[in-house]
Amino acid sequence: MTTLVTPAVPGPGEMPQGAPPSVRPGMLPGMLPPDTPPPPRRRGWWRRNIVWLVLLPVAVAVAAGASSFRVWAFWWPVGLHLEVDRVAVGERAHLEGEYYDTFGLDVPERAQTTVLRKIDATVTSVEQVDQLPAPEYGDPAVIPDGSVAYAVQVHFAAELQTDLSLCQIMLVSEEGTRYGESSTDVLGSSNRCSLPDAEGFVSEQPEWDVTTYVLADPDARITQVRLGFGGPEYVTFDLP
Amino acid sequence: MRHGRRRITWKGTALVVGAVAAGCALVTYVPQVQGVDTPFVVKGAVGETLDLTYAELTVTDVRVADTVAGFSDAAAAGGTFVVIDATWRATQGETHFSGAEITDRQGRRFWATNAAECSATAAAQPGYAWRTTYCFDVPRDALEGATVRLARGDDDEDHADQRRDAVAVVDLGITASEADQLWETTETVSPEAPGYAPASAGGSEG
């Protein structure tokens with residue numbers, strides 16, 4: 001048999017151990033004491049919350065930082081975002097940047113390692129041409145109606161077996177239009193930085209020259225050449 | 001710190017009710033979805049060059065065919081093929097044009113096929129005009145008043161990839177009488193493989 005017992009109100013000095021200090025002897029939680037002292041002068045809302053107000057900008061900064069991984073995970077590695085060198089046409093630029101070699105296709109020992117690519121490049125000339133040279137195979141390429149073609153000559157110097165894949169040599173107009181952004185050129189070559197007879201996507205000589213062709217709008221004023229390998233690093237060559 | 005019961009005041013009540021009312025008004029009257037997420041639709045007609053910021057687009061020709069025949073394969077339509085020739089000219093950088101669909105008057109959507117030499121997507125760079133042929137297999141009642149929607153953003157179910165981006169919607173100009181006539185045609189069309197377009201392609205009718 002269960003007996004329900006209403007707990008007696010503890011008398012003064014009989015407070016059980018562990019009771020909340022805010023409950024005064026002789027009172028139940030929630031009761032207003034009969035002789036409430038006059039409340040101290042209330043501090044303003046801003047003063048009471050000063051700690052949180054100070055922490056708020058810190059919390060905002062931490063939250064922004066916590067979600068910023070998207071910038072370097074998705075945006076930063078794709079596309080040209082970091083200009084590491086800028087020279088005039090005819091001068092030598094140094095492009096240095098790290099990339100992760102997933103498969104090690106041309107150099108198996110580099111598979112699944114981070115590789116530092118260092119390459120020197122000099123744009124020796126940018127000229128408009130009237131016709132395109134015959135490609136290695138396939139039909140001769142013609143300059144389409146409503147387009148002009150530029151021949152861009154670049155001199156490279158790098159250690160042997162420097163990876164050249166995803167090479168981009170593009171012309172940038174005054175308005176920011178990027179011509180020839182794709183690694184594949186108008187003649188069907190799959191890599192603008194490789195020699196036509198190259199077997200893989202790594203350099204086979206300490207120094208070499210390439211000529212790549214870029215289609216552009218007839219009224220575009222070309223002001224820059226950009227060289228990159230998919231990004232984020234790239235170098236700029238200013239045209240006179 | 002204050003202790004004891006907090007009193008319910010008119011001021012506090014007004015504050016809470018006011019905040020709830022303001023929140024309700026915000027979600028009710030501010031057109032959130034339409035305002036933030038819809039694409040910038042550029043409407044046009046066949047033969048007109050549309051400026052989509054990232055590219056200039058011209059739908060140069062619209063044909064109807066029972067069969068599309070390519071170099072190595074041919075496809076017969078379940079309904080009929082609407083064959084659309086379009087020319088893209090990229091204006092910023094290398095661009096992939098992933099969205100291609102026909103919308104009929106009932107709002108039904110038909111995606112492009114890549115059978116024969118037809119393309120469902122295209123890619124182009126600035127400096128040249130790129131010709132692409134899209135083929136859509138549509139039923140008879142979709143022909144009248146159909147429009148084609150072309151964009152760089154993907155044509156997935158909710159157009160999520162076309163949000164806040166330019167989209168071309170071109171009226172194919174098919175009237176009710178023309179729809180019947182087009183449905184009866186038993187033509188075979190051999191679409192050309194994608195390639196450079198003549199510069200004069202833009203703006204010429206038909």
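Order of the sequence lines fixes the chain letters, A, B, ..., with proteins taken first and strands second; residue numbering starts at 1 for each chain. Quick caveat: nothing in here was measured; it's all calculated off a predicted structure. Note that these values count all heavy atoms, side chains included, but never hydrogens, waters or copies made by symmetry.
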Q.
If you compare all heavy atoms of B:Arg89 against all heavy atoms of A:Gly146, which two are closest, and at what distance to 0.1 Å?
A. NH2-O, 2.9 Å
Q: Check whether any side-chain heavy atom of B:Tyr196 lies under 4.5 Å from a side-chain heavy atom of A:Leu215, and answer yes or no.
A: yes
Q. Would you find more than 12 non-hydrogen atoms of other residues, nucleotides or ligands less than 6.0 Å from A:Glu175 atom CD?
A. no
Show every donor-acceptor pair shorter than 3.5 Å between a side-chain atom in residues 231-240 of chain A and any protein atom, with sequence neighbours excluded, or say none if there are none.
| from | atom 1 | to | atom 2 | distance (Å) |
| --- | --- | --- | --- | --- |
| A:Thr236 | OG1 | A:Glu83 | OE2 | 2.6 |
| A:Asp238 | OD1 | A:Arg86 | NH2 | 3.0 |
| A:Asp238 | OD2 | A:Arg86 | NE | 2.9 |

(Q) If you count heavy-atom pairs within less than 4.5 Å of chain A, which of B:Ala90, B:Ala123, B:Gly195, B:Gly93 leads? (A) B:Gly93
Q. Shortest non-hydrogen contact from B:Gly127 to A:Ser147?
A. O-OG, 2.6 Å
Q) If you count heavy-atom pairs under 4.5 Å with chain B, which of A:Gly176, A:Gly180, A:Ser173, A:Ala220 comes out on top? A) A:Gly180
Q | chain B interface, residue from A:Ser182, A:Ala216, A:Ala149 that has the most non-hydrogen pairs under 4.5 Å | A | A:Ser182
Q: Select one option (side chain, backbone, both, neither) describing which atoms of B:Gln125 are under 4.5 Å from chain A's heavy atoms.
A: side chain
Q) With A:Arg221, which residues qualify under side-chain contact (heavy atoms from CB on, under 4.5 Å), at least two apart? A) A:Glu174, A:Thr223
Q | Heavy-atom neighbours of B:Phe71 CZ exceed 12 at 6.0 Å | A | no
Q.
Surrounding CG of B:Asp73 (heavy atoms of other residues, nucleotides or ligands, distance under 6.0 Å), is the total greater than 12?
A. yes
Q) If you draw a 6.0 Å radius around CH2 in A:Trp45, do more than 12 non-hydrogen atoms from other residues or ligands fall strictly inside? A) yes
